[in-house]
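Report on the following structure.
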There are 2 protein chains.
Amino acid sequence: MSPDPIPLRPNSKRQENERIILKAAEKVFAEAGYGGATMQLIADVAGRPKANVHYYFQTKEQLYRRVVSNIFDIWLQAADAFDGAKNPAEGIGAYIDAKMEISRKYPHGSKVWASEVMHGAPIIQDYLEIKLVEWTKDRAEVIQNWIDQGLMDPISPRHLLYLLWATTQHYADFGHQVETLNGGFPLDLDQWQEAKSSIKRIVLKGIGAEE
Amino acid sequence: MSPDPIPLRPNSKRQENERIILKAAEKVFAEAGYGGATMQLIADVAGRPKANVHYYFQTKEQLYRRVVSNIFDIWLQAADAFDGAKNPAEGIGAYIDAKMEISRKYPHGSKVWASEVMHGAPIIQDYLEIKLVEWTKDRAEVIQNWIDQGLMDPISPRHLLYLLWATTQHYADFGHQVETLNGGFPLDLDQWQEAKSSIKRIVLKGIGAEE
DNA sequence: AAGCTACCTGACCAATTGGTCAAGAACTTT
DNA sequence: AAAGTTCTTGACCAATTGGTCAGGTAGCTT
């Protein structure tokens, strides 16, 4: 019934073309939102006819889902920085660095993710309810351990995590605002560095975890 | 040529109907984004035929612009909390309270605003480039004064403001995520209180401005 | 060179979109 | 009660949308 053109052994051509389309889609979804994005525009940005996009991704929703889960995986990976550490200053410091690098390197993906969650996560509820809940629980426990060991002040781990997420995402999601307030120019590398150290300074001192 | 049905002395009926439509529009724009929102859905939520919505707001963009500027004005008003204060703990503390109240009371509007900025502020560039730039400059000066008076640590005022905006907005914009991580329930009043005091505690200590 | 599979795409379609309009209903003002 | 204004809305339209499909090409395997 369904032709289902997905080959058994992923062809290199398919992989490459999917990559190009996903990159274009990420940009268009980020700039226009899910509802505002059109398959035609994605096709144009990817430099191919619309039917070709539909050859690789049958529906708009499938394409969108791939874009979202790609960035979500990157997002979760930043947790590695968290895990190896033996004290809050090291762990949270590294986590801030990692998340800021994500905001800098994947601004489109960050926006797509933010947009998705903001609109009630209609497409990736399952991700949120399983992976994220688990991830948060683990990390909150790490923080609680630090508190119990007297390595930092007794602060609600959950609200600390929200502060970290919000602040680091801000530089991607509200990048346009940040840019406007920077005289119309994107932050340069020095300014990114300044942002990172400002955040780390406030947060680490704020939770009583200075080195 | 254009009928232009706007009466010279704003009728009370018009005011009331505009209010109802604006409220419905705010919700729909927040949940679906500008591109995903439809005039038909807004009309349905407002409980009136689509043509009636078009009677009060000629175009989708005009309606949207009104929704966005309404929330932006509320957002800027929170600055009052900032201004009256004589030291950072009081000023920034009050500002955090005010912005958290906005997140709690106007979650739809906050999302619309966030969405607009995230997509490059195509509709309200002018607002951003004039009002916001000015507002930020003023507030940054207030913070700089506090620093110069030795009332707080020497921290980049700009990045501190970003941290405040991001964190307080988070509870509205990412309300769905917060709710999911709260077992599927919205924060109750005690939890909002806990959020506020956690943020204040971290930030005020973090900038060296404890009372 | 024949056969198979993956890839490609112009033309097309049903559904939905923002927006219009004309004809009338409901108020105010005179 | 007539005249003028504001409000209301079903029916309609041109444009755009996501998605389909048939007929073709390119490249590997035998």
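What you see below is based on every heavy atom in this structure, not just the backbone, and it leaves out hydrogens, waters and symmetry mates. In what follows, chains are A, B, ... by sequence order, proteins preceding strands, each numbered from 1.
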message: Applying side chain to side chain contact (heavy atoms under 4.5 Å, CB included) to B/Tyr56 and B/Ile20, what does each step give before you reach the verdict?
response: CA-CA 11 Å; B/Tyr56 286 104; B/Ile20 292 172; over 6 Å; no
task: Measure from CZ on A/Phe57 to P on C/dC8 and round the result to the nearest Å.
output: 13 Å
query: How many Å lie between CD on A/Gln40 and P on C/dG10, as a whole number?
result: 10 Å
- request: Please determine if a side-chain N or O atom of B/Asn17 lies less than 4.0 Å away from the OP1 or OP2 oxygen of D/dT8.
  value: yes
- prompt: Can you check whether A/Tyr55 has a side-chain N or O nearer than 4.0 Å to OP1 or OP2 of C/dC7?
  reply: yes
- prompt: Reckon B/Arg14 has a side-chain N or O less than 4.0 Å from the OP1 or OP2 of D/dC7?
  reply: yes
- request: Quickly work out the A/Ile21 CD1 to C/dT9 P distance and round it to whole Å.
  value: 11 Å
query: Any side-chain N or O of A/Tyr56 less than 4.0 Å from the OP1 or OP2 oxygen of C/dC8?
result: yes
query: Between D/dT17 atom P and A/Tyr34 atom OH, what is the distance in whole Å?
result: 14 Å
- prompt: Out of A/Lys50, A/His54, A/Arg48, which residue meets the side chain to side chain donor-acceptor pair (under 3.5 Å) rule with A/Asn52?
  reply: A/Arg48
Whole angstrom value for the distance that separates C1' of C/dG18 from CE of B/Met39: 7 Å
message: What I want to find out is whether B/Lys196 reaches B/Glu101 closely enough, with some N-O distance under 4.0 Å, to be called a salt bridge.
response: yes
query: Using 30° and 60° as the class limits, which term best fits the ring planes of A/Trp165 and A/Tyr162: parallel, tilted or perpendicular?
result: tilted
message: Below the 4.0 Å mark, does C/dC7 have OP1 or OP2 next to a side-chain nitrogen or oxygen of A/Lys13?
response: no
field: A/Glu90/A/Lys86 ion pair, N-O < 4.0 Å
entry: no
task: Name the orientation class of the two ring planes belonging to B/Trp135 and B/Phe82 (parallel below 30°, tilted from 30 to 60°, perpendicular beyond 60°).
output: perpendicular
- prompt: In residues 41-54 of chain B, which ones come under 4.0 Å of DNA chain D, going by heavy atoms?
  reply: B/Pro49, B/Ala51, B/Asn52
